[in-house]
Amino acid sequence: MKKGIIITLLGGAFWGISGTMGQFLFQTYHLNTMWLTTLRMIFAGIILLSVCFIKDTKKTLSIWNNKNDVFQLILFALLGLMFCQYSYMTAIYYSNSSTAAILQYLNPIFIMFYTCLVCKRLPYKNWIIEIKKNFS
């Protein structure tokens, strides 16, 4: 339990620091958003894969046994993670880290509105309850 709490606190702290550092790098060194996002993700991937290889090499390589799993992993990496990180860093570039963090927390609301518009329906009751819980 203690380990989980410490890891959660460190994760939140590092996330906050990374946004602030991104803002510093954009303002001071005028870095390109795509370059910084790509660099961050490459190093994060290297660190995570290294830890996984050290813990269990066989399990880490097992993803390559199923072509569908590989396809889903690549799709998630590019459309999920890369797009999320790129949009977060771009928001920092054009505004600041505080505004980007607020926009990121508002994403579930944007997604709900978009889904309701596309499906031409009102949101489910449990969607609204969950969003209220997250902002309470």
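- Asn65 and Ser62 are not linked by any side-chain donor-acceptor pair at a separation below 3.5 angstrom, with hydrogens and angles left out of the test.
- When all heavy atoms of Gly19 and Tyr88 are compared, the pair lying nearest together is CA-OH, 3.6 Å.
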Exercise for the section: I would like to know whether Met82 and Thr38 meet side-chain contact (heavy atoms from CB on, under 4.5 Å); could you show each step before the answer? Expected result: CA-CA 8 Å; Met82 185 67 176; Thr38 305; 3.4 Å; yes

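- No more than 12 heavy-atom neighbours from other residues, nucleotides or ligands sit within 6.0 angstrom of CZ on Phe43.
- Transitive grouping of hydrophobic side chains (ILVMFWY, heavy atoms separated by less than 4.5 Å) keeps Phe53 and Ile46 in distinct clusters.
- Note: Tyr93 and Phe26 have perpendicular aromatic rings, judged against thresholds of 30 and 60 degrees for the angle between ring planes.
- For Leu122 against Cys116, the heavy-atom pair with the smallest separation is C-SG, 3.8 Å.
- Under the 4.5 Å side-chain heavy-atom criterion for ILVMFWY residues, no single connected hydrophobic cluster contains both Val51 and Phe14.
- Here the CD1 atom belonging to Ile74 is positioned 11.0 Å from the CG atom belonging to Asp69, to the nearest 0.5 angstrom.
- Put simply, the side chain of Ser87 gets close to the backbone of Cys84: a donor and an acceptor are under 3.5 Å apart.
- When side chains are defined from C-beta on, Gln104 counts as touching Asn107, because their heavy atoms get closer than 4.5 Å.
- Expressed to the nearest 0.5 Å, how far CG of Asn32 lies from CG of Leu25 amounts to 12.5 Å.
- Once rounded to the nearest 0.5 Å, the distance linking CD1 of Ile54 with OG1 of Thr60 reads 10.0 Å.
- To the nearest 0.5 angstrom, Ile42 atom CD1 is 12.0 Å from Ile47 atom CD1.
- With rounding to the nearest 0.5 angstrom, the CG atom of Asn66 is 12.0 Å from the CH2 atom of Trp64.
- One hydrophobic cluster, built from ILVMFWY side chains closer than 4.5 Å, holds both Phe24 and Ile92.
- Residues Thr99 and Ser95 share a closest heavy-atom pair of CB-OG, 3.6 Å.
- Summarising the geometry, atom CG belonging to Asn96 is positioned 8.0 Å from atom CD belonging to Gln27; distances are rounded to the nearest 0.5 Å.
- Residues Met41 and Ala77 share a closest heavy-atom pair of CE-O, 4.5 Å.
- Here the closest non-hydrogen pair linking Gly22 and Leu36 is CA-CD2, 4.2 Å.
- Counting all heavy atoms, side chain and backbone alike, Ile63 lies closest to Val70 at O-CG2, 3.3 Å.
- For the residue pair Gln23 and Ser97, a side-chain donor N or O sits within less than 3.5 Å of a side-chain acceptor on the partner.
- In the hydrophobic cluster analysis, where Ile, Leu, Val, Met, Phe, Trp and Tyr join through side-chain heavy atoms closer than 4.5 angstrom, Leu106 is grouped together with Trp127.
- The number of heavy atoms from other shown groups lying within 6.0 Å of CZ (Phe83) does not exceed 12.
- Hydrophobic clustering, with ILVMFWY side chains joined whenever heavy atoms are under 4.5 angstrom apart, groups Leu39 together with Met89.
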